[in-house]
Amino acid sequence: MDSKIKTEPTVFVVFGGTGDLTSRKIAPALYNLFLDGWMPAQFAIIGTGRTHFTDDKFRENLLDDINQFSRSGKAAKAKWDAFSKNIFYQVSDINDAASYKQFGKHVDKFNSDWKVKANLIYYLAVSPNFFPIIASNISKAKLATDPLKVRIVIEKPFGHDLETAKELNKLLSGIFNECQIYRIDHYLGKETVQNMMAFRFANSIMEPLWNRNYIEHVQISVTEQLGVEERGDYYDGAGAMRDMIQNHLLQLLCHIAMEPPVSFNADEVRNRKVDVLKAMRRFSPDDVRMSAVRGQYGSGWMEGKEVPGYREEPKVNPDSNTETFAAVKFFVDNWRWQDVPFYARTGKRMHQSSSVITIQFKDVPHLIFPIEAVESWQQNRLIISIQPEMSIRLQVQAKRPGLDMVLNTVDMVFDYKGTYTTQPPEAYETLILDTMLGDQTLFMRADQVEAAWDLIMPILSTWQAKKSLNFPNYSADSWGPESAEALIARDGFNWFTLPVSKKS
Ligand code: BG6
């Protein structure tokens, strides 16, 4: 394929080259970008890690990963050969200056072979405690001297709280310009999340309705059937607020609540998003009690298999107070959204894996139909389903065919599956391509990360100060603790769930 936008020669250095993220996401994404013609003619991928591998052994491992995790299935030999000759491995100790010198030599060699100064992207797919040391050592080795060529990609979590996020921002901004720093929130790369901007700002019919005059409330629900799996050591120090709400759910909320940007320029878009975070109502300790709910899963059965409770998971403190579920009622205090509640919930080991945003519109001002006609009456809803179903549905009332006047709720649906035949790219493909193109629209700016931490800090500190006495308070395969139902029921609403669509 001859891509319209061309990527420039690039050296892509992956710290954590032997890690899980590289296997599952980064390597398949790079390979699919290659298959789709997005990789530049000259590129090199240097994986780094402590384990001793030859280039060939590293390539072999990545091939296994790609065969297992790539959306395009098993790699064809000819394609793989053409791609893999650009892959290299360097044993490295991230604390040791010599390793960085070695990168420098590697990069210089590519530059001289290609007779061009390539873009240099450092991808930090490592545990967050290594971010500062790697960034500092890159700087000490003078490997970040050209702001036009060098970029750094930082995975989440970005900080553990507001203070540590600020420290990390400070450290990074001492080495890199903001335009070189790509803070990943992979939700922003999802096709359906990007489409929210298109849906809102490429259609004139939405804007007149998109405000407190017509919208009654918004729900953002990201539930997962998976438990904490092998990530207990990280997750037990994080919890659902830090792991999901601070980043993914608040970003989804920003997409719904942001004002139209003046253009699709990265900073224009991010300015409008950070405005939302700044306008969000702050929580007093009393508000936390009324507006935030936490939960932790106990054991149970999921799809016929017995699963342990969170406290029994590997590398989790058996007395852990970490929440695996969180639900929060937010408000955005501005002209567009004043007093419209935004309910957000997320949890692990829930009944369904789905990410859905529901926008419920206000009721009609006056009902003209007889009571028999409207037994299944329901307010209009716009349902944006991010995954697994990728769709947007508008629920409206319509007359059921027949001689009597009976109203039914029907869905007007845009479904990706029914509309497009091409497979959508994975979030990581979009994001990695953007790092090569130098487009920061889908990445978190320093002020966005800090504003999100600032908002949730009162909840985190209130929860930390007071241990939850009823954990575990929901069983696996449920919809979370009862208090989460109460949070929304108090306002006269209930959590919306999409019926699971039949597997095709
Ligand atoms: C990650 C969280 O950022 O997002 C995980 O750390 C979570 O705990 C994951 O499972 C969910 O992502 P997705 O794309 O599967 O919805």
Side-chain angles (χ1 to χ4, degrees), residues 16 19-26 28-29 69-71 123-129 131 153-160 165 182-196 220-253 255 294-297 302 307 310 313-316 320 322-326 344-357 384-390 424-432 442-444 448-449 452-453 456 476 480 498 500:
D20 201 47
L21 187 68
T22 306
S23 307
R24 286 171 181 272
K25 300 290 181 190
I26 301 175
F69 298 117
S70 163
R71 70 176 166 87
Y123 197 120
L124 273 51
V126 290
S127 162
N129 40 334
F131 296 163
V153 184
I154 311 265
E155 271 292 335
K156 72 171 265 279
F158 195 93
H160 181 71
Y182 289 70
R183 297 174 191 80
I184 287 216
D185 179 325
H186 78 280
Y187 264 59
L188 299 182
K190 289 183 190 271
E191 198 59 41
T192 36
V193 174
Q194 291 182 69
N195 187 45
M196 285 164 72
I220 300 168
S221 171
V222 178
T223 57
E224 296 178 276
Q225 288 183 307
L226 282 180
V228 72
E229 310 293 296
E230 298 305 313
R231 298 165 72 221
D233 46 352
Y234 149 72
Y235 195 88
D236 210 32
M241 269 313 271
R242 289 186 165 90
D243 186 49
M244 296 293 286
I245 296 211
Q246 188 272 344
N247 36 76
H248 308 324
L249 276 85
L250 282 177
Q251 282 307 303
L252 295 178
L253 190 152
H255 275 78
R294 55 181 157 164
Q296 189 189 74
Y297 64 82
M302 308 259 338
V307 292
Y310 176 69
E313 298 278 18
K315 302 187 197 148
V316 167
S320 174
T322 299
E323 80 286 354
T324 58
F325 174 98
R345 76 169 171 183
T346 185
K348 293 205 182 280
R349 280 278 184 250
M350 304 275 288
H351 179 61
Q352 216 178 68
S353 285
S354 70
S355 303
V356 178
I357 299 171
I384 302 173
S385 179
I386 292 164
Q387 59 188 29
E389 181 177 306
M390 299 169 73
E426 285 271 340
Y428 273 85
E429 291 168 44
T430 303
L431 296 173
I432 288 175
L442 303 180
F443 294 84
M444 301 289 290
Q448 285 178 291
V449 178
W453 277 119
I456 66 158
L498 261 186
V500 188

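Throughout, numbering of the chain's residues begins at 1 and tracks the sequence. Just so you know, these numbers use all the heavy atoms, side chains as well, and skip hydrogens, waters and symmetry mates. One-based numbering, in listed order, for ligands and for the atoms of each.
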Novice: Fit a plane to each ring of Tyr310 and Tyr235, take the angle between them on a 0 to 90° scale, and name the class: parallel (under 30°), tilted (30 to 60°) or perpendicular (over 60°).
Specialist: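 Perpendicular: the ring planes of Tyr310 and Tyr235 meet at over 60°.
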Novice: So does Ala240 get a backbone contact from the side chain of Glu323, meaning a donor-acceptor N/O pair under 3.5 Å?
Specialist: yes
Novice: Assess whether a salt bridge exists between Asp20 and Lys25, defined as any Lys/Arg side-chain N lying under 4.0 Å from an Asp/Glu carboxylate O.
Specialist: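 Not counted as a salt bridge, because no side-chain N and carboxylate O are separated by less than 4.0 Å.
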Novice: Determine the sole option in Gln246, Gln251, His248 for which the side chain to side chain donor-acceptor pair (under 3.5 Å) test with Asp185 is passed.
Specialist: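 It is His248, the one option of Gln246, Gln251, His248 that forms the side chain to side chain donor-acceptor pair (under 3.5 Å) with Asp185.
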Novice: Has the side chain of Ser355 got a donor or acceptor atom that lies under 3.5 Å from a matching backbone atom of Ile386?
Specialist: no
Novice: Using the rule side chain to side chain donor-acceptor pair (under 3.5 Å), only one of Glu313, Arg349, Lys348 pairs with Tyr297; which is it?
Specialist: Glu313
Novice: Between ligand 1 and the protein, find all N/O pairs closer than 3.5 Å and give the distance for each.
Specialist:
from     : atom 1 : to     : atom 2 : distance (Å)
ligand 1 : 3 (O)  : Lys156 : NZ     : 2.7
ligand 1 : 3 (O)  : His248 : NE2    : 2.7
ligand 1 : 4 (O)  : His248 : NE2    : 3.4
ligand 1 : 6 (O)  : Lys156 : NZ     : 3.0
ligand 1 : 6 (O)  : Arg231 : NH2    : 2.8
ligand 1 : 6 (O)  : Asp243 : OD1    : 2.6
ligand 1 : 6 (O)  : Asp243 : OD2    : 3.4
ligand 1 : 8 (O)  : Arg231 : NH1    : 2.8
ligand 1 : 8 (O)  : Asp243 : OD2    : 2.6
ligand 1 : 8 (O)  : Lys348 : NZ     : 2.8
ligand 1 : 10 (O) : Glu224 : OE1    : 3.3
ligand 1 : 10 (O) : Glu224 : OE2    : 2.5
ligand 1 : 10 (O) : Lys348 : NZ     : 3.1
ligand 1 : 12 (O) : His186 : NE2    : 3.2
ligand 1 : 14 (O) : His186 : NE2    : 2.7
ligand 1 : 14 (O) : Lys190 : NZ     : 2.6
ligand 1 : 16 (O) : Tyr187 : OH     : 2.5
ligand 1 : 16 (O) : Gln387 : NE2    : 2.7

